[in-house]
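Keep in mind it's a predicted model, so treat the numbers as computed, not measured. Labels below follow one simple rule: chain letters A, B, ... track the order of the sequence lines, proteins then strands, and each chain is numbered from 1.
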Protein chains: 2
Amino acid sequence: MNAVNNIVFFEAASKVLKALGHPERLKIIELLQTGEQTVGRIQQGIGLSQPVTSQHLRFMQNNNILASRKEGTSTYYSLASDMIRKLLECMNSCRLDLETGEMQMKDIFPESKRSKHE
Amino acid sequence: MNAVNNIVFFEAASKVLKALGHPERLKIIELLQTGEQTVGRIQQGIGLSQPVTSQHLRFMQNNNILASRKEGTSTYYSLASDMIRKLLECMNSCRLDLETGEMQMKDIFPESKRSKHE
DNA sequence: CACCAATATAGCAATTCTCATATATATGTC
DNA sequence: GACATATATATGAGAATTGCTATATTGGTG
């Protein structure tokens, strides 16, 4: 693993993280954990409008978080990579730690005040 | 774990992920894996200007990714939570999978074309 | 072909990010 | 107090993100 590959990795990984960094998108990802879903079902599942749902899906597909396949008039979206699955596992493990009290909500939820520029 | 907590979790987690979703910030986080560092050292380590470095650090602190303490004229930043450490572990594990060929770069790096709206 | 259902895209306004430059603050030393 | 060092903040410009409304596309059915 050389420096160049490191840079590539950071670039790639940060895109993935950024694409995950939106509450609705995170919900979508969770939804897809159990398998592929159509746009319609995803939309129902998270309660967003159809265009916004589509936009999030496209965004995630462009960042290689999701893959899709068409069947008739439907499009099925699914998790695209092992990395996503690993990250999801990690998130779920954290959520479990919260439930068991092993981790505190304050450990991940900022109560900090923001200045204008964050 | 009820619905409300889920929402809180998604909100919190997505902020964390978003704050991690920037190549330079990811580098900073990696740098801090081995322990706290001053702003100066971090700046050297990643090669950014002092103000930009400070801004990234503030952003991450506001999103509870980092903690800081002052000593003399220096400020030491460090990883703020177990969640971050877990996510870091996960990322490093993925990087290892890349090295061993267990995972392919294409699994996390998008080659997809972008439309105007991503 | 007309029409419907499912999904995608365009275009726009508001907000947020990111980086750069300039300036401020705080601490330590002489 | 004058000054240097380390860090933070203000501010502004350009880009990216987000969600909305309207419209387009595509496949299936009669």
S.K.: Quick one: closest heavy-atom pair of B/Ser49 and B/Gln43, and the distance?
M.R.: C-NE2, 3.9 Å
S.K.: Between C/dA20, D/dA8, D/dG19, which nucleotide has the shortest distance from any of its atoms to the side chain of A/Val52?
M.R.: D/dG19
S.K.: Can you tell me if B/Tyr77 touches the phosphate of D/dA8, counting only side-chain N or O atoms and a distance under 4.0 Å to OP1 or OP2?
M.R.: yes
S.K.: What is the distance from OH of B/Tyr76 to C1' of D/dA6, rounded to the nearest Å?
M.R.: 11 Å
S.K.: When you measure from the side-chain N and O atoms of A/His56 to the phosphate of D/dG19, is any distance below 4.0 Å, counting only OP1 and OP2?
M.R.: yes
S.K.: Calculate the interatomic distance between B/Leu57 atom CG and D/dA6 atom P; express it in whole Å.
M.R.: 16 Å
S.K.: At less than 4.0 Å, is any side-chain N or O atom of A/Arg58 found next to OP1 or OP2 of C/dT9? Yes or no.
M.R.: yes
S.K.: Looking at side-chain heavy atoms only, is the closest gap between B/Leu57 and B/Val39 below 4.5 Å?
M.R.: yes
S.K.: Look at the side-chain N and O atoms of A/His22 and state whether any lies under 4.0 Å from the OP1 or OP2 oxygen of D/dG19.
M.R.: yes
S.K.: Applying a 4.0 Å non-hydrogen cut-off, can you work out what B/Arg25 is touching in the nucleic acid: base, sugar-phosphate, or nothing?
M.R.: sugar-phosphate
S.K.: Regarding B/Arg95 and the six-membered ring of A/Phe10, is the cationic atom NZ or CZ under 6.0 Å from the ring centre and inside 45° of its axis?
M.R.: yes
S.K.: Report the distance from atom CG of B/Asn63 to atom P of C/dT18, rounded to the nearest whole Å.
M.R.: 10 Å
S.K.: Nearest 0.5 Å, what's the CG-NZ distance between B/Asn63 and B/Lys18?
M.R.: 8.0 Å
S.K.: Go through the N and O atoms of the side chain of A/Gln50 and the base of C/dA6, and report whether any donor-acceptor pair is under 3.5 Å.
M.R.: no
S.K.: Given atom CG of B/Leu20 and atom P of C/dC17, what is their separation to the nearest angstrom?
M.R.: 14 Å
S.K.: Side chain of B/Val39: nearest nucleotide among D/dT7, C/dA22, C/dT18?
M.R.: D/dT7
S.K.: May I have the distance from B/Lys15 (atom NZ) to D/dT17 (atom P), rounded to whole angstrom?
M.R.: 19 Å
S.K.: Between C1' on D/dG19 and CD1 on A/Ile46, what's the gap in Å once rounded to a whole number?
M.R.: 13 Å
S.K.: With the side chain counted from C-beta on, respond yes when B/Glu24 and B/Leu48 share a heavy-atom pair under 4.5 Å apart, and no when they do not.
M.R.: yes
S.K.: Give one of base, sugar-phosphate or nothing for A/Ser74, where a contact means two heavy atoms less than 4.0 Å apart.
M.R.: sugar-phosphate
S.K.: Would you indicate which nucleotide in D/dC20, D/dG19, C/dT21 comes nearest to any side-chain atom of B/Pro51?
M.R.: C/dT21
S.K.: If the cut-off is 4.0 Å, is A/Lys18 near the phosphate of D/dT17, judged by side-chain N/O to OP1 or OP2?
M.R.: yes
S.K.: Please pick, from D/dA6, D/dA8, D/dT17, the nucleotide with the shortest atom-to-atom distance to any side-chain atom of A/Phe59.
M.R.: D/dT17
S.K.: Check every strand shown and say whether A/Thr53 touches a base, only sugar-phosphate, or nothing at a heavy-atom separation below 4.0 Å.
M.R.: nothing
S.K.: If you find the nucleotide of DNA chain D closest to A/Glu24 and the one closest to A/Gly72, which residue's nucleotide is nearer the 5' end?
M.R.: A/Glu24
S.K.: Measure CD/B/Gln43 against P/D/dT5 and give the value in whole Å, please.
M.R.: 14 Å
S.K.: In terms of side-chain geometry, is the basic nitrogen of A/Lys27 or A/Glu30 positioned less than 4.0 Å from the acidic oxygen of its partner?
M.R.: no
S.K.: Would the base of D/dA8 count as contacting B/Gln55 through its side chain, where contact means a donor and an acceptor less than 3.5 Å apart?
M.R.: no
S.K.: Give the rounded distance in Å between these two atoms: CG of B/Asn62 and C1' of D/dT9.
M.R.: 13 Å
S.K.: Hey, does A/Thr75 reach any base, or is it just sugar-phosphate, or nothing, if we go heavy atoms under 4.0 Å?
M.R.: sugar-phosphate
S.K.: Considering only C/dT7, D/dT18, D/dG27, which nucleotide approaches the side chain of A/Thr73 most closely?
M.R.: D/dG27
